[in-house]
Q: 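Below is one structure. I have some questions about it.
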Protein chains: 2
Amino acid sequence: MKHSVSRENYIKAIYHLQQDETTVTTNELANALQTSAASVTDMLKKLKARKLLQYEKYRGVRLTLDGRRLAIQIIRKHRLWEYFLVEKLHFGWEEVHEIAEELEHISSLKLIDRLDEFLDFPQADPHGDPIPDINGRMPVNKQVNLQELPLHIAAAVCNIGDQTPEIMEVLNHNNIRIGTKLEIRKKFDFDNSLEVKIRNYPPFTISEHLAQKIFVKHEKPGSA
Amino acid sequence: MKHSVSRENYIKAIYHLQQDETTVTTNELANALQTSAASVTDMLKKLKARKLLQYEKYRGVRLTLDGRRLAIQIIRKHRLWEYFLVEKLHFGWEEVHEIAEELEHISSLKLIDRLDEFLDFPQADPHGDPIPDINGRMPVNKQVNLQELPLHIAAAVCNIGDQTPEIMEVLNHNNIRIGTKLEIRKKFDFDNSLEVKIRNYPPFTISEHLAQKIFVKHEKPGSA
DNA sequence: AAAATAATTTAGATTTGTCTAAATCTCAAT
DNA sequence: ATTGAGATTTAGACAAATCTAAATTATTTT
Ligand SMILES: [Mn+2]
Ligand SMILES: [Mn+2]
Ligand SMILES: [Mn+2]
Ligand SMILES: [Mn+2]
């Protein structure tokens, strides 16, 4: 059950592309993996031989159960390592993806389960994507109040509690609108205020009162 | 400056073999890497082209300064990861080498420096081998009193303070002799007694008085 | 339905790292 | 100074993963 880095990257890419559509095309994969369509075709034949996917030529591709299981295992590794890098080694959430792209291929399963335990079984990675547990089960990704968003988890604003001009004024002032991606840098127990960071802006503080009106969603799986 | 896993493993193996002798032979390498002499010759030509080593056919091989620098960087990664696995993820020191053999090839240098900091700049890996610092400098590996041996660091007994029959009796009773490999599992502040573990025996406790007479040396670099 | 266009696969090479078997070199013993 | 054993290199092949260019199949347009 040992696979090359290349094969694992293909399986993961197919899994992500399969989320929306039922079947994934050669060109989509070539684009996602920054390779040629010819290379994709070659690899699909090999992965089919290993029974990781269903593939008929010109017909597109789908993962088998085994393929899906493998994909989820890789995603689990990827997201746990990302969480480790941000929470323990204090990397920024924008720089961890590339490193996790390598770490996700370390084979030891014992390692990843110990890491999970060490990190106290986190539910989501720094981009807000859910982390599969040891059995491959993932929590569903749903809307949450800004106050419940864990530290250093990227999320996108998806809802504002009520839309009075007074709220809009303060939101505008802080460049927050629907779709804005942000993360919480600090939580102050004293008054439950939050320090918030938006890319390209300096961090700023918002009150408990305002935070209660802001709802966010962890980012869609995609950049993983 | 990016190298394949295979090339890195060759460089590291040459570095270790070079410790004793000045020049490393094809067969020594083939044996160390569990591969054929022909494959070694092929690879040596490629590494020479990359200026990582000096090589004239039939004459054996030596690392250049660049090669040595690369080797030390890989060893730094290997030993820091081993330390992490034992200290943070609670692996046993006998099971970490294999996993570190993969982790040492993760390319990010920022990652390894952050890990070093996170681990509080450890001086030796769980097998007692010195960890090169960010500049590639390594502490020398010398004899130390058992009481100064850090937790979970494997070491070999190399000296007994004085050799009265009374000491010998208790040492024999605990199967401790010159060359015995052991590690400290716990230190009790109450009476400075130590819980000691020797492979294949259950852990046992020794008094401060006895520990003061036992000197140990971190293991030779070799299994790394 | 036929033609045009786009997507996909095949053909034929290339690179990296490996192998076995055969040829060649070195060195120590005679 | 030869020679034979052992070490090392060369020759020729193979598997994995990639590429470009050509051929084939699918889809869309007319
Ligand atoms: Mn990857
Ligand atoms: Mn992620
Ligand atoms: Mn290795
Ligand atoms: Mn070690």
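Please read all numbers here as calculations on a predicted model, not as lab measurements. When reading the values below, keep in mind they use all heavy atoms of this one structure, side chains included, and skip hydrogens, waters and symmetry mates. Labels below follow one simple rule: chain letters A, B, ... track the order of the sequence lines, proteins then strands, and each chain is numbered from 1.
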Q: Under the rule for side-chain contact (heavy atoms from CB on, under 4.5 Å), what residues qualify as partners of B:K187, not counting sequence neighbours?
A: B:L151, B:I184, B:L194

Q: Whether B:K88 engages the ring of B:Y83 as a cation-pi pair (distance to the six-membered ring centre under 6.0 angstrom, angle to the ring normal within 45°) should be assessed.
A: no

Q: Looking at every strand, decide which applies to A:S6 at a 4.0 Å heavy-atom threshold: base, sugar-phosphate, or nothing.
A: sugar-phosphate

Q: Before accepting this row, confirm whether a basic side-chain N of the pair B:R199/B:E94 lies closer than 4.0 Å to the acidic partner's carboxylate O.
A: no

Q: Just the endpoints, please: which first and last nucleotides of DNA chain D, 5' to 3', lie under 4.0 Å from a heavy atom of chain B?
A: D:dA7 to D:dT10

Q: For A:R62, enumerate each residue passing the salt bridge (Lys or Arg N to Asp or Glu O under 4.0 Å) test, keeping only those at least two apart in sequence or located in another chain.
A: none

Q: Who are the ring-ring contact (aromatic ring centres under 6.0 Å, His included) partners of B:F84, not counting sequence neighbours?
A: A:F84, B:W81

Q: Taking the nucleotide of DNA chain D with the closest heavy atom to each, which residue, A:A38 or B:V40, is nearer the 5' end?
A: B:V40

Q: Protein-nucleotides 26-28 of chain C N/O pairs closer than 3.5 Å?
A:
none

Q: Which whole-number value in Å describes the distance from A:K48 NZ to C:dT8 P?
A: 16 Å

Q: Could you check whether B:D125 and B:H78, counting side-chain N and O atoms only, form a donor-acceptor pair closer than 3.5 Å?
A: no

Q: Find the distance B:Y10:OH to C:dT16:C1' and express it as a whole number of Å.
A: 12 Å

Q: Run the ring-ring contact (aromatic ring centres under 6.0 Å, His included) test against B:Y10 and tell me which residues pass, sequence neighbours left out.
A: none

Q: Under the side-chain contact (heavy atoms from CB on, under 4.5 Å) rule, collect the residues that match up with B:N200, sequence neighbours excluded.
A: none

Q: Taking only residues two or more places apart in sequence, or in another chain, which ones meet B:F121 in a side-chain contact (heavy atoms from CB on, under 4.5 Å)?
A: B:D116, B:E117

Q: May I have the distance from B:K45 (atom NZ) to C:dT16 (atom C1'), rounded to whole angstrom?
A: 14 Å

Q: Could you give the CE-to-C1' distance, from A:M43 to C:dT9, as a whole number of Å?
A: 16 Å

Q: Under 3.5 Å, which donor-acceptor pairs link side chains of residues 53-60 of chain A to any protein atom two or more places apart or in another chain?
A:
{"residue": "A:E56", "atom": "OE2", "partner": "A:K48", "partner atom": "NZ", "Å": "3.4"}

Q: Answer yes or no: does a side-chain N or O of B:T35 lie under 4.0 Å from OP1 or OP2 of C:dG17?
A: no

Q: Can you give each donor-acceptor pair under 3.5 Å made by side-chain atoms of residues 106-115 of chain A, sequence neighbours left out, with the distance rounded to 0.1 Å?
A:
{"residue": "A:S107", "atom": "OG", "partner": "B:E102", "partner atom": "OE1", "Å": "3.3"}
{"residue": "A:S107", "atom": "OG", "partner": "B:E102", "partner atom": "OE2", "Å": "2.6"}
{"residue": "A:S108", "atom": "OG", "partner": "A:K110", "partner atom": "N", "Å": "3.4"}
{"residue": "A:S108", "atom": "OG", "partner": "A:L111", "partner atom": "N", "Å": "2.9"}
{"residue": "A:K110", "atom": "NZ", "partner": "B:E95", "partner atom": "OE1", "Å": "2.8"}
{"residue": "A:D113", "atom": "OD1", "partner": "A:R76", "partner atom": "NH2", "Å": "2.7"}
{"residue": "A:R114", "atom": "NH1", "partner": "B:L89", "partner atom": "O", "Å": "2.8"}
{"residue": "A:R114", "atom": "NH1", "partner": "B:H90", "partner atom": "O", "Å": "2.9"}

Q: Does any residue of residues 26-34 of chain B have a heavy atom under 4.0 Å from DNA chain D, and if so, which ones, in number order?
A: B:T26, B:N27

Q: Taking NZ from B:K2 and C1' from C:dT15, how many angstroms apart are they, rounded to a whole number?
A: 17 Å

Q: Dump every N/O contact between nucleotides 2-4 of chain C and the protein below 3.5 Å, one line per pair.
A:
none

